[in-house]
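Here the structure is a predicted model, which is why all the values come from computation and not from measurement. For this chain, numbers begin at 1 and follow the sequence in order.
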Amino acid sequence: MSHRQRAIELLAPARNLECGMAAIDHGADAVYVGATHLGARAAATNSIDDVAALCHYAHRYGARVYATVNTFVYDSELPSLPSLLLALAQAGVDALLVQDMAVVECVRRLQTEGHSMPALHASTQTDIRTPERARWLAAQGMSRLVLARELSLDEIARIHSEVPQASIEVFVHGALCVSYSGACTASQYCFSRSANRGECAQFCRMPFTLVDSTGAVVAHRAHLLSLRDMCRIHHLEALLQAGVSSLKIEGRLKDADYVKNVVAAYSQRLDAIIDRHPDLYCRASLGHTTYTFQPDVNRTYNRGYTEYFLNGRTADIWSPLTPKATGPRIGRVKSIAHRTIVVSTTTPLANGDGLCFFDPDGQLVGFRVNRVEGNHVFPLSMPPRLTVGATLYRNADQSMTAALSRNSAQRRIPISLTLAHHDEALWLTATVCQRPLLTATCHTPYKYEEARQPQTDVQRRQLEKWGNTVFAADSITLSQGMDHLFIPATVLATLRRNVSDALSQLVTDSLPHTEPFTPPMPPAHPGAAPLAANALAADYYRERGISPVPAFEVESTHHPLLMECRHCLRFSLGHCVRRGGTPPTWREPLSLVLDDGRRFPLQFDCSHCQMNVYGQD
């Protein structure tokens, strides 16, 4: 990597060790993983041993592992916090994703005691939507900022410009929360399950009836807060130009098939960008990946895709009909006969596919394909209320599942080799093609022995054998006179093994070990409500002249603000007059009503182009 190049990272989710290894194999430069507790996905925890195994596997490619310690910490958990952080550091994690300032303070104290600690990354749960917030968090020692998903390219570029000392990370793919992350207490309020504790009950995926102040129904039982999934695969270059260095895929609850396909698709797209701009960018890790399948994000779990607010407000961000995955549209029902559906489609279907459609009442209905003959589909059981002309979607792709169940990728680090003979020894030098400074040389005593026939082909074949290592010979140079030397295969095998071990250590050692820091003059205010769920975090703020606010999880309030959303129902229903919509006929305030009668008043904050959702006691 030259001084002009910026290292770009594709960051993938790891539900467990299997998913993490699959992400690395399929082209990820880094993975993020939960530990035993305090990660923002309570259903995706891992033992310290598994985290350590993942670190070892990733570091062989110069890839990194980040551990999520990004929930609020309760006072009762503070005594065990140092041991968790030390265990993660000893396991080899490269950074900790954090939300609670108690974690930051605990890391600082451990560092003061002489412990080598990982870098700190400000989780998206810290709600970074302004340069002021970004600047304050960077001043607390955050070497990377994970920005709010809602930001546009211009807003991302502004934060990068005003806080250039911090690396910028943004989400590019996966499920979307309707509220700014870290600013949602709806799940805690309604179900005593805190999103800030990794236990979100997905309040936003529920059906609501929208009513006005007179009780008139504006929209009946629709998924008014449910958003489509994010997909920015066609905008990666624009994000890099805005200053982004880490491209993050959401999905720590997703399975390995999802990780393989999505990571592969984004890795291929990122490689194509870097190939066009080798002077500007390089990959943050090492290796080249080949695939046995054609990656396609449309053939994996999704609720329909949106670019979200990347290029401003658009009408395609929500999915009011269903919160479930429909998959891509594959065609229409042409005719229905006894136990047979004839489909008008150009998409090849397979036995075992899952298809779905919306019935006349707007309900999503799915069915399994038992057998396919051309465009004739024989379902396992004929779905009720399916009609001629209905649009069909495929939400389970059997051929893709089969392709991903096999060995679907191979990742190798290309190296150049030089074999020479001098000073009564054989010398083998290996250089990583992507990082020429990573070079290892090993030698072994060798007594000259004349070969009876040319040895070039024999020597090349031996030097191409890198077996189960992470390396692959990209080029082989034989020094002058090597053609006349007889070299036993065992001698070359020993040289290969020694060079592989030396080069592997160099790759691992090349990973930067950035430690957190505490600047002497942090900005005066964090630029957002300083929430504290424990005494250590509260003291952290007070020592910096800031009055903390108790987190809702530890001190609830009446009529609380539950969600701050950039998604706006005025706009989505076509009645934002500021953006060309028609004036509404309803009488505000509007309220969302659950089936059990609970009401949630809405406030439209047009000065911030934002919709707020409140609780009502």
Partner residues of Y301 under the ring-ring contact (aromatic ring centres under 6.0 Å, His included) criterion, sequence neighbours left out:
none

Is the distance between the ring centroids of H173 and Y305 under 6.0 Å?
yes

Find out whether the Lys NZ or Arg CZ of R566 is both under 6.0 angstrom from the six-membered ring centre of Y180 and within 45° of the ring's axis.
no

Given side-chain contact (heavy atoms from CB on, under 4.5 Å), test C106 with L85 step by step and report yes or no.
CA-CA 8 Å; C106 190; L85 299 178; 3.7 Å; yes

Taking only residues at least two apart or on different chains, which pairs with a member in residues 20-29 satisfy side-chain hydrogen bond (donor to acceptor under 3.5 Å, both in side chains)?
D25-Y57, H26-S408, D29-R283, D29-S285

Hey, is E162 close enough to R135 for a salt bridge, meaning N to O under 4.0 Å?
yes

Is it true that E105 and R108 make a salt bridge, defined as a side-chain N closer than 4.0 Å to a carboxylate O?
yes

For Y189 and F600, take the angle between the two ring planes, folded into 0 to 90°, and tell me which bin it lands in: parallel under 30, tilted 30 to 60, perpendicular over 60.
perpendicular

Less than 4.0 angstrom from a charged side-chain N to a carboxylate O is my criterion; do R197 and E77 meet it?
yes

Ion pair check, D127 and R129, cut-off under 4.0 Å
yes

Okay, side chain of D605, backbone of M611: is any donor-acceptor separation there less than 3.5 Å?
no

Can R149 and E307 be said to form a salt bridge (charged side-chain N to carboxylate O under 4.0 Å, His left out), step by step?
CA-CA 10 Å; R149 292 169 171 88; E307 299 165 2; over 6 Å; no

With sequence neighbours left out, what residues match E9 under salt bridge (Lys or Arg N to Asp or Glu O under 4.0 Å)?
R144

From CD1 (I48) to CG (L84), nearest 0.5 Å:
5.5 Å

